[in-house]
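For reference, the structure is listed below as structure tokens.
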Amino acid sequence: MATSRPKHDRIVESACPLDCPDSCSLLVATSGGRIVSLDGSRRNPVTGGFICAKVRKFGERVHGAARVQHPMGRVGPKGNGAFSRLTWDEAIDLVAGRLRETRDTFGGEAILPFCYGGSNGLLTQDATDARLFRRLGASRLARNVCAAPTGAALEAIYGKMPSVTYQDFTHAKLIVIWGANPSVSSIHLVPFIQAARKEGAKLVVVDPRLTALARTADLHVPLAPGTDLAVALVLHRHLFETGAADQAFLAAHADGADALRERAAEWTFERAASVAGVQASMLREFAELYAATSPAIVRCGWGLERNRNGGSAAAAVLALPAVAGKFGVRGGGFALSNSSAWGIEKTWIGEPEPATRIVNMNHLGRVLTEDTRPPVKLLFVYNCNPLATMPDQNRVQQGLLRDDLTTIVFDQVMTDTARYADVVLPATTFLESYDLARAYGPINLQLTQPAIDAVGEARPNIEVFADIQRRLGLSQEGDPADDLEMMLTVLDALPAPIGDALKQQERPVPPFGFAPVQFVDVFPRTPDQKVHLFPEALEQEAPLGLYTWQDDPATAQYPLALISPASEKTISSSLGELIDKPAELTIHPDDARARQIEEADRVRVYNGLGEVHCVASVSPLVRAGTVALPKGLWSRHTANGSTANALAPDTLSDIGAGACFNDARVNVEKLEDDAARERMAELGARVH
Ligand SMILES: Nc1nc2c(c(=O)[nH]1)N[C@H]1C(S)=C(S)[C@@H](COP(=O)(O)OP(=O)(O)OC[C@H]3O[C@@H](n4cnc5c(=O)[nH]c(N)nc54)[C@H](O)[C@@H]3O)O[C@H]1N2
Ligand SMILES: Nc1nc2c(c(=O)[nH]1)N[C@H]1C(S)=C(S)[C@@H](COP(=O)(O)OP(=O)(O)OC[C@H]3O[C@@H](n4cnc5c(=O)[nH]c(N)nc54)[C@H](O)[C@@H]3O)O[C@H]1N2
Ligand code: SF4
Ligand SMILES: [Mo]
């Protein structure tokens, strides 16, 4: 553990509640009311005493120049980022007044609350905020930007059966990392993979990029983005055709195997290989290895869901261990999100959901600019930075520029979205308030507690939403007024063993060692406890039917697939204010050569939706035909202020109505025009 911790006068035990599967236990050192260092604690053996570099720097965010310190009201035109200071009292009055006016004039549905991944803790969302918006009869938000396709597939097939946890990867003899990049997005899984490999486990990585793990893998399948369905179905076909399908398991525990087998039948190795842009022999090797090796674990990530075929692809991948008979042993089965492993119902919201309209968050730009009934007149953004993170950025921006729209942004820092706000409210970070951090890779729940007083006038979500309610006369007896009161309400509402254990001890619960074996300790949570390999609901939902291929959206004009995966510098767009490097587009040498693009050239990435001006990084780490920009960049990281999402369509995945970021098809050219080059040079000077 950190022996070289800087001078401090206090150490606080806490946990990281950010939207990351790992949920590290933390030691936070403070001095004079300031954060001086963050480090891992060994209290959580799964996270093993180390944390990621970005959260180590979290103190720079807490005390940084981008921090919002007090409430502010807009002065000047929308988007110019000029604000004047308000007192909290004025700000709450203003916000409550606008909410009331909007509801009275246009109806509650003209109010759209917009929140997502700011914190994965149980208190920052679906607490007093939900009470407020339910009581106002606001529009409801379908939070489908992430994990909706994989979540829908998991629920229909296995009823949210808990996943294999990190610890049990050490028992596997074959590990398949499918559309995930743990070296960046869940770093504590990596040591368990390495330990398994020391014991002879084989590693397969399915990813269009040569990621750090792919570089060391026994087999890297560098498929084209959005083609996972073809690869998963050829594996199924192989299992069924060679007699490797576990008929005894299927007969006892599953239905729908015949229908799945039928849909897989058309996928020969040759056809799948041609669609995925890889060699047929490679797919055969993969299929044979998976069929022959046990225990085998498939880690299904989120990279494969972000396209038109994403739901069917996730379903086909998740179905593999059932067909191949991989359950019932430690180290076998699948690993996805464990966020639903607890079976927690958020009964603490304490207010029934009204039957108001549901807006898919991926359609933010659309609902702000189209003639919807009623129109969205008030957008309340918290725990989210939609201008940076939602698809079709130019349309989102166009919507935010509407003069007749009131936008409230409640955030910790001056995000791209906040610049377009009419009112900005300052939020505390997890180092200044209480929360319950829920891991979604491993299974544990830990207390997050304040290490310092709130910076400036920042306040926790719980308090601010409770205040707004009070100002509107919507409060009720017993409503929690602050984060500690809310914590107690949540503890009481948690399933008894969890709540009681958390109240009595500082240890996360259940004990960190909790690692269920699928089909031994945990079973499908479908109504009949069976695996449904061909759920009728999914067949109805998918436009062409379940497990049915939809063609690549590439055109001659826009032939390159743009992906925008997680980077080690940010969590989604959080911490983007600390990045000091202009955006880089990774492009394969063949694609670069064809366009006379060289390393460090200024380039324009474009399609019919928008364009991004950035720097080229020519590298074979991405497959030919695919280019990559990092997820979560801010406007200031590119020369023209647009990021990957300016190129991402707001189309939806076949299942789960999820975002299709990776269906962006683009072209790239060298930036020749002088004005643009100058802007690039300025950018370099500004962010370096
Ligand atoms: N450092 C860091 N950690 C994070 C986050 C972060 O932003 N930064 N975000 C958190 C959140 S919100 C999430 S949802 C998770 C996401 O974590 P991951 O599941 O790792 O998801 P991504 O980073 O989107 O993509 C993972 C990999 O999928 C590949 N990929 C892209 N398209 C395809 C495809 O069509 N098929 C296949 N097989 N692979 C594809 C990408 O090249 C990438 O290497 O990480 C969490 N952890
Ligand atoms: N191009 C592209 N775009 C993507 C993705 C991709 O792969 N490619 N991935 C998508 C994914 S997986 C996800 S999950 C989404 C996430 O997208 P968002 O939900 O927008 O997540 P963040 O960008 O982290 O923004 C969260 C904001 O909440 C604020 N915040 C944190 N804690 C609190 C709090 O306690 N109170 C308040 N009021 N605010 C708080 C943070 O400061 C931050 O500005 O992005 C998606 N966007
Ligand atoms: S972001 Fe993830 S790896 Fe980093 S400290 Fe938080 S839980 Fe740990
Ligand atoms: Mo996510």
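When a ligand or atom number is given, it counts from 1 through the structure's own listing order.
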Would you say ligand 1 has an N or O under 3.5 Å from any N or O of [X]?
{"X": "G303", "result": "yes"}
{"X": "S185", "result": "yes"}
{"X": "A224", "result": "no"}
{"X": "R209", "result": "yes"}
{"X": "T570", "result": "yes"}
{"X": "P208", "result": "no"}

Any idea which protein heavy atom is nearest [atom], and the distance to it?
{"atom": "atom 4 (Fe) of ligand 3", "answer": "C52 SG, 2.3 Å"}
{"atom": "atom 2 (Fe) of ligand 3", "answer": "C20 SG, 2.3 Å"}
{"atom": "atom 8 (Fe) of ligand 3", "answer": "C24 SG, 2.3 Å"}

Rounded distance (nearest 0.5 Å) linking atom [atom1] of [X] with atom [atom2] of [Y]:
{"X": "R306", "Y": "T150", "atom1": "CZ", "atom2": "OG1", "value": "8.5 Å"}
{"X": "L609", "Y": "Y558", "atom1": "CG", "atom2": "OH", "value": "8.5 Å"}
{"X": "C16", "Y": "D435", "atom1": "SG", "atom2": "CG", "value": "10.5 Å"}
{"X": "S642", "Y": "L387", "atom1": "OG", "atom2": "CG", "value": "9.0 Å"}
{"X": "R284", "Y": "Q279", "atom1": "CZ", "atom2": "CD", "value": "13.0 Å"}

Indicate whether any N or O donor in one side chain lies under 3.5 Å from an N or O acceptor in the other, for [X] and [Y].
{"X": "S339", "Y": "S337", "result": "yes"}
{"X": "T124", "Y": "N383", "result": "no"}
{"X": "T643", "Y": "Q393", "result": "yes"}
{"X": "Y116", "Y": "N385", "result": "no"}
{"X": "T389", "Y": "N645", "result": "no"}

- Angle class for the Y158/F334 ring planes (parallel below 30°, perpendicular above 60°, tilted otherwise)?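 Ring orientation of Y158 relative to F334: tilted.
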
- Plane angle bin for W178 and F286 - parallel if under 30°, tilted between 30 and 60°, otherwise perpendicular: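 The rings of F286 and W178 sit tilted, inter-plane angle from 30° to 60°.
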
As an exercise, identify every atom of ligand 1 less than 4.0 angstrom from a heavy atom of [X].
{"X": "D228", "value": "34 (C), 35 (O), 36 (N), 37 (C), 38 (N)"}
{"X": "K54", "value": "1 (N), 2 (C)"}
{"X": "G226", "value": "34 (C), 35 (O)"}
{"X": "I563", "value": "32 (N), 42 (O)"}
{"X": "G179", "value": "19 (O), 26 (C), 27 (C), 28 (O), 37 (C), 38 (N), 39 (N)"}
{"X": "P225", "value": "34 (C), 35 (O)"}
{"X": "G301", "value": "19 (O)"}
{"X": "I571", "value": "3 (N), 4 (C), 6 (C), 7 (O), 8 (N)"}

How does [X] reach ligand 1, if at all, at less than 4.0 Å between non-hydrogen atoms: by side chain, backbone, both, or neither?
{"X": "V184", "value": "both"}
{"X": "T227", "value": "neither"}
{"X": "T211", "value": "side chain"}
{"X": "K631", "value": "side chain"}
{"X": "S572", "value": "both"}
{"X": "N181", "value": "both"}

- Message: Can you tell me if, anywhere in C16, an N/O/S atom lies at a distance from atom 6 (Fe) of ligand 3 that is smaller than 2.8 Å?
- Response: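 So C16 counts as coordinating atom 6 (Fe) of ligand 3, yes.
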
Using heavy atoms and a 4.0 Å limit, tell me yes or no: is [X] in contact with ligand 1?
{"X": "G117", "result": "no"}
{"X": "R306", "result": "yes"}
{"X": "S567", "result": "yes"}

- Message: Just checking: H188, one of its N/O/S atoms, less than 2.8 Å away from atom 8 (Fe) of ligand 3, yes or no?
- Response: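 Looking at H188, which is the residue asked about, there is no N, O or S atom under 2.8 Å from atom 8 (Fe) of ligand 3.
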
- Where on S23 is there a heavy atom closer than 4.0 Å to ligand 3, on the side chain, on the backbone, on both, or on neither?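 Backbone only; the side chain of S23 stays clear of ligand 3.
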
- Message: Assess whether a salt bridge exists between R56 and D39, defined as any Lys/Arg side-chain N lying under 4.0 Å from an Asp/Glu carboxylate O.
- Response: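 Yes.
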
- Item | side chain to side chain contact (heavy atoms under 4.5 Å, CB included) between E60 and E577, worked out | CA-CA 10 Å; E60 292 175 35; E577 77 278 10; over 6 Å; no

- Please confirm whether the backbone N or O of Y547 pairs with a side-chain atom of S312, one donor and one acceptor, at under 3.5 Å?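 Present.
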
- Item | I452 and R34, any side-chain heavy atoms less than 4.5 Å apart |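 Answer no - side chains too far apart.
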
